[in-house]
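Scroll down for the structure; my scribbles are underneath it.
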2 protein chains.
Amino acid sequence: MTELQFNSWQTIQDEVLRRIHVRDWPPGAVIPNEADLAKEFGCARATVNRALRALAEAGILERRRKAGTRVALHPVSRATVDIPIIRQEITGRGQAYDYRCMSRSVTRPPSRVIDRLGIQGGVDCLHVTALHLASGAPFVFEDRWINLATAPDAAEQSFDALSANEWLLANIPYTHGDIRFAAEAASEHDATVLETSHGEPVFVMERVTWDHDRAITFARLCYAPGYGIVTRFGSAP
Amino acid sequence: MTELQFNSWQTIQDEVLRRIHVRDWPPGAVIPNEADLAKEFGCARATVNRALRALAEAGILERRRKAGTRVALHPVSRATVDIPIIRQEITGRGQAYDYRCMSRSVTRPPSRVIDRLGIQGGVDCLHVTALHLASGAPFVFEDRWINLATAPDAAEQSFDALSANEWLLANIPYTHGDIRFAAEAASEHDATVLETSHGEPVFVMERVTWDHDRAITFARLCYAPGYGIVTRFGSAP
DNA sequence: GAGTGGTCTAGACCACGGT
DNA sequence: CCGTGGTCTAGACCACTCG
């Protein structure tokens, strides 16, 4: 009845959020369908759809055909984390970037890596280790295995000056990847490279990158003590 | 010329990705505008818009009015991390959830917390510490400060049986939050509670939750050794 | 100023999946 | 079966911003 104008999809999104916040639509409740909301808000159904779809992508609403749209029962906070190229991450902080390749060899990877890459035994991989420095100080130690069956051109790269991180991104297309964040104790080798102590807590990021069903590379990034990842969830500034 | 049918926005997205992958449109290049692509693909401009907007949200394209759409120069991997309620995280692994409140008091927070909450000095907060257990083993230690100016009802809660984590989510609406992941050495107290050793690496998540410009709560979650966060980026399975 | 993406509309058909 | 969201269309106006 209150035919107030909600013309933009963001206005509608705000109104829906408000109704959720004031428990007009409590968690688990089914909200009116798109057609009814469009009529109430005095706009096209596509506009309502745009607003509700964005909220569903944020994890606030759950939508299913025929069943309708309901307020999520178990509010998960869905945060988006941007993982930049290491060079960008360092120069973005106003620090000087430096790179040092530490080893390069073609070997059969340990079973731990074979499992992550999902490859058959006996496949040789290119193993590269390198250090990325920020203003001269060790920033992150990169321990990477490249599947030569997927990225054969990598065999001709020395990675002396250009990091595998950047070369792969610039030359090998990927479709998706897995990431794992964890806290680990610095190994003897990690500690030496990062100029810290054995057993010191280090932030570790492990990434596997894929091109469709073919594994490209597995990387273990071991960050110097003090590193952290910052991110946000929700909409407002 | 090739008036093949690209009717769905996902088909168009795949085709755009393919052209990026084969360096038809290299990083930094400006791609044709929506109207031209719509003509080429034989579909409505809105359909092209849908496909390109999704790729922009994924960080693969950068779009600006008048300047047009270009392939992102510095490919960031944008991963989405779901942060569930702790109870859900544990029961979702098929383990039994248990909760133990360890302390509760109204105090003035340390300056470190005051800074994160962005509040004026002299404001009292509710300080709650608690342990969440998975199948009887310590899982995560929660050290939380609740801003009573924003959530006054919290003062009447004992948090003996229901964790602050769940009570807040169910009773205090929020709009957004900040998250920080890091690796730290377990303090003497952390170690005792988590049944590990002093100095052991632990995964730490710090969260500040807001309702518009009012801080609700700051939580430091200290996970038992071995914990990690897994996530994905990109589109394919 | 003018080109580009951003958005809205009114209508239509379709695919999924509860009932 | 049939209601619901998912999507597409053709056209229109607007807002931003680059040149």
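Every chain is numbered from 1 and lettered A, B, ... according to where its sequence line falls, protein lines coming before strand lines.
Comment: A:E34 engages A:R45 in a salt bridge, judged by a side-chain N to carboxylate O separation of less than 4.0 angstrom.
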Output a table of nitrogen or oxygen pairs between the protein and nucleotides 4-8 of chain D separated by less than 3.5 Å.
from	atom 1	to	atom 2	distance (Å)
D:dT4	OP2	A:N33	ND2	3.3
D:dG5	OP1	A:T69	OG1	3.2
D:dG5	OP2	A:E34	N	3.1
D:dG5	N2	A:R65	NH2	3.4
D:dG6	OP2	A:R63	NH1	2.8
D:dG6	O4'	A:R65	NH2	3.1
D:dG6	O6	A:R45	NH2	2.5
D:dT7	OP1	B:W9	NE1	3.4
D:dT7	OP2	B:R50	NH2	2.9
D:dT7	O4	A:R45	NH2	3.2
D:dC8	OP1	B:N7	O	3.4
D:dC8	OP1	B:W9	N	2.5

Let me check something: any side-chain donor-acceptor pairs from residues 73-86 of chain A under 3.5 Å, sequence neighbours excluded? List them with distances.
from	atom 1	to	atom 2	distance (Å)
A:H74	ND1	B:Q88	NE2	3.3
A:R78	NE	B:D82	OD1	2.7
A:R78	NH1	A:E57	O	3.1
A:R78	NH2	B:D82	OD2	3.4
A:D82	OD1	B:R78	NE	2.7
A:D82	OD2	B:R78	NH2	3.4

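Residues that satisfy the side-chain hydrogen bond (donor to acceptor under 3.5 Å, both in side chains) test with B:N147, not counting sequence neighbours, are B:T150. Shown here are the salt bridge (charged side-chain N to carboxylate O under 4.0 Å, His left out) partners of A:R87, two or more places apart in sequence or in another chain: A:E166. By the salt bridge (charged side-chain N to carboxylate O under 4.0 Å, His left out) test, A:R207 pairs with no residue at all, sequence neighbours left out. Among residues two or more places apart in sequence or in another chain, the side-chain hydrogen bond (donor to acceptor under 3.5 Å, both in side chains) test is passed with A:T69 by A:R63. Among residues two or more places apart in sequence or in another chain, the side chain to side chain contact (heavy atoms under 4.5 Å, CB included) test is passed with B:R64 by B:A67.
We find that CG of B:L55 is positioned 15 Å from C1' of C:dG5, with the value rounded to whole Å.
Helix bend of the helix from C:dG1-D:dC18 to C:dG18-D:dC1: the angle between its two end axes, each built from five pairs, comes to 20° after rounding to 10°.
Applying the ring pair (Phe, Tyr, Trp, His ring centres under 6.0 Å) test to pairs two or more places apart or on separate chains, those with a residue in residues 80-100 of chain A are A:Y97-A:H132, A:Y99-A:H132.
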